[in-house]
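Structure first, then comments.
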Amino acid sequence: MGNPIAVSKDLSQTAYDHLWMHFTRMSSYENAPVPTIVRGEGTYIYDDKGQKYLDGLSGLFVVQAGHGRQELAEVAAKQAAELAFFPIWSYAHPKAVELAERLAHYAPGDLNKVFFTTGGGEAVETAWKLAKQYHKLKGNNLKYKVISRAVAYHGTPQGALSITGLPALKAPFEPLVPGAHKVPNTNIYRAPIHGDDPEAFGRWAADQIEQQILFEGPETVAAVFLEPVQNAGGCFPPPPGYFQRVREICDQYDVLLVSDEVICAFGRLGTMFACDKFGYVPDIITCAKGMTSGYSPIGAAIVSDRIAEPFYKGDNTFLHGYTFGGHPVSAAVGLANLDIFEREGLNQHVLDNEANFLNTLQKLNDLPIVGDVRGNGYFYGIELVKDKATKETFTDEESERILYGFVSKKLFEYGLYCRADDRGDPVIQLSPPLVSDQSTFDEIEGIIRQVLTEAWAKI
């Protein structure tokens, strides 16, 4: 046996030596400290040096109720002492049952069956597998393809990554799962047609889904995966009528509509499920992140009775599952988190304040580097440009130098944790905890204004 492990006091060096961070260019930290966050309280986080930062991304679109909620920690401890783990493979435990019932109550239409996972990517993977088997059970053996949107992100498992519309993320792992096809997204700022008419643009964008179904053959298409507000690319809201037209198309061709709400559910847009805000009822909702405000990991695919029906007959079985799906501790925390939502009216708080948040961010439009401010609820993107009049974007070199080399670092240095991203065009993304108020919005705007003013001087 080796010697006992000595606890390192240099967390940064130890992180570089042993912690392989996700979506991280590890060489960046060979000679630079790894930012190490040790505590959170309300809308703020603190690093190991005692520095305070506004959490402008809710961790990763997760910490809806804010940091430091003692009652959620206590619920987790109580549940762990009572029943720390048991699988839901042919067995149930009370908290999973109660949370499933609660989610079914919140979900629209007949979405009453809850299949738990441990995260969002797993929920998307579940939905695709379920859609394929559903069609097989209905005798439509050729229906296996999925349609999603360009630049959209749907997760990292092989199936979810195939649905993702970001070529650079997929290239290292190809070949992926076959049958995933892409259509244009709803970025009206860069609309190829009808850019001055949101309703016409929405109809056009939705009709591209029908054209893709017809091109592939309706007998081969199983599902359409769409986020209510698309994350990657910088917060693309749906144009008026878009989802109503997509619902019509899916019904016409017997294609399942999957609302990927891993980010948008649980108050991010001011409703428990985002499809309610935009007035459509999907066949499956995939969700995760905000269900527990991040205090314990969990995800789910919420499925309509119509889609679940053939699985509840005879010896039909959905041969799919995860060891930690519906984990007792996570389910208990999820229930307590939803109690906070109801007790404190978090959804209504977002609805009451979303216009103020948007108006505050739109003040940044006076900067020459800001091309567009867009989003919904507490979920916004600020697209950066070189030329406001022509909407000219940055070159790859400029994006590397300005967005990653300067903007991202300066935002954090000046006390704002958020995301600077160029998976589509260069954007700053904001998604603060749902408890945020005008003081939060003003602090975000002030820091971004300072950083972007300095960034413009470097172009």
Side-chain angles (χ1 to χ4, degrees), residues 20 22-23 59-62 75-76 79-80 82-104 107 111-134 136-137 144 146 153-164 173 176-177 180 222-223 225 256 258-263 265-266 273 283-304 307-308 311-312 316-335 337-338:
W20 198 334
H22 299 197
F23 283 100
L60 195 62
F61 316 101
V62 171
V75 163
Q79 181 59 47
E82 184 177 294
L83 179 67
F85 174 75
F86 205 78
I88 52 174
W89 299 42
S90 300
Y91 295 85
H93 56 75
K95 295 306 179 186
V97 173
E98 292 172 31
L99 183 57
E101 181 185 38
R102 189 91 166 259
L103 295 176
L111 277 75
N112 292 312
K113 304 295 190 290
V114 180
F115 190 101
F116 283 117
T117 66
T118 57
E122 290 178 356
V124 171
E125 197 84 358
T126 297
W128 190 5
K129 290 178 72 174
L130 193 149
K132 288 197 281 190
Q133 188 177 353
Y134 164 78
K136 284 181 168 60
L137 291 175
Y144 71 93
V146 294
Y153 175 81
H154 291 282
T156 56
Q158 291 278 286
L161 187 57
S162 300
I163 298 172
T164 289
F173 311 108
L176 295 171
V177 180
F225 280 70
L256 305 192
V258 181
S259 190
D260 184 358
E261 305 201 10
V262 171
I263 288 176
F266 306 111
F273 291 108
D283 299 298
I284 302 173
I285 294 172
T286 54
C287 57
K289 295 183 183 291
M291 195 188 307
T292 64
S293 285
Y295 283 72
S296 194
I298 199 168
I302 308 175
V303 185
S304 77
I307 305 307
F311 293 91
Y312 278 63
N316 294 338
T317 304
F318 187 34
L319 297 173
H320 176 69
Y322 300 100
T323 298
F324 295 116
H327 192 280
V329 173
S330 296
V333 172
L335 287 162
N337 179 58
L338 295 173

Where do Phe85 and Thr323 land on the side-chain contact (heavy atoms from CB on, under 4.5 Å) test, with the steps shown first?
CA-CA 10 Å; Phe85 174 75; Thr323 298; 3.9 Å; yes

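Asn112 contributes atom CG, which lies 8.5 Å from atom OG of Ser304 (distance to the nearest 0.5 angstrom). Rounded to the nearest 0.5 angstrom, Gln79 CD and Ser330 OG are separated by 10.0 Å. To the nearest 0.5 Å, the span separating CD1 on Ile263 from OH on Tyr153 amounts to 9.0 Å. One distance of note links CZ of Phe324 with OG of Ser296; it measures 10.5 Å at 0.5 Å rounding.
A donor-acceptor pair under 3.5 Å links the side-chain atoms of Asn337 to the main chain of Gly290, judged by distance alone. Of the possible polar contacts, none joining the His320 side chain to the Glu125 backbone as a donor-acceptor pair under 3.5 Å is found. Between the Gln133 side chain and the Thr317 main chain, a donor and an acceptor come within less than 3.5 Å of each other. At least one donor-acceptor pair closer than 3.5 Å links the side chain of Thr164 to the backbone N or O of His154. Between the side chain of Lys289 and the main chain of Leu60, a donor-acceptor pair closer than 3.5 Å is present. A donor-acceptor contact shorter than 3.5 Å is absent between the side chain of Ser259 and the backbone of Ile285.
Nearest heavy-atom pair across Ala96 and Phe116 is O-CE1, 3.5 Å. Closest non-hydrogen pair, Ala76 versus Val329, comes out as CB-CG1, 3.8 Å. Between Gly120 and Ala288, the closest heavy-atom pair is N-CB, 3.4 Å. In this structure, Leu103 and Leu338 approach most closely via the heavy-atom pair CD2-CD1, 4.3 Å. In terms of heavy-atom proximity, Ala331 sits nearest to Gly326 at CB-O, 4.4 Å. Val303 and Leu130 get closest at one heavy-atom pair: CG2-CD1, 4.0 Å.
Side-chain contact between Val124 and Pro157: absent, with no pair of heavy atoms (C-beta onward) separated by less than 4.5 Å. Considering only heavy atoms from C-beta on, Val258 stays 4.5 Å or farther from Trp128 through its side chain. Under the 4.5 Å side-chain criterion, counting only non-hydrogen atoms from C-beta, Thr156 is not in contact with Phe173. Residues Val333 and Ile298 have side chains not in contact (no heavy-atom distance under 4.5 Å, counting atoms from C-beta outward).
Outside the 6.0 Å centre-distance limit, the rings of Tyr134 and Phe311 are not counted as a close aromatic pair.
Thr118 and His327 are not linked by any side-chain donor-acceptor pair at a separation below 3.5 angstrom, with hydrogens and angles left out of the test. For the 3.5 Å distance criterion, the side chains of Thr286 and Asp260 qualify, holding a donor opposite an acceptor.
Residue Glu98 places its CD atom among more than 12 non-hydrogen atoms of other residues, nucleotides or ligands, all under 6.0 Å distant.
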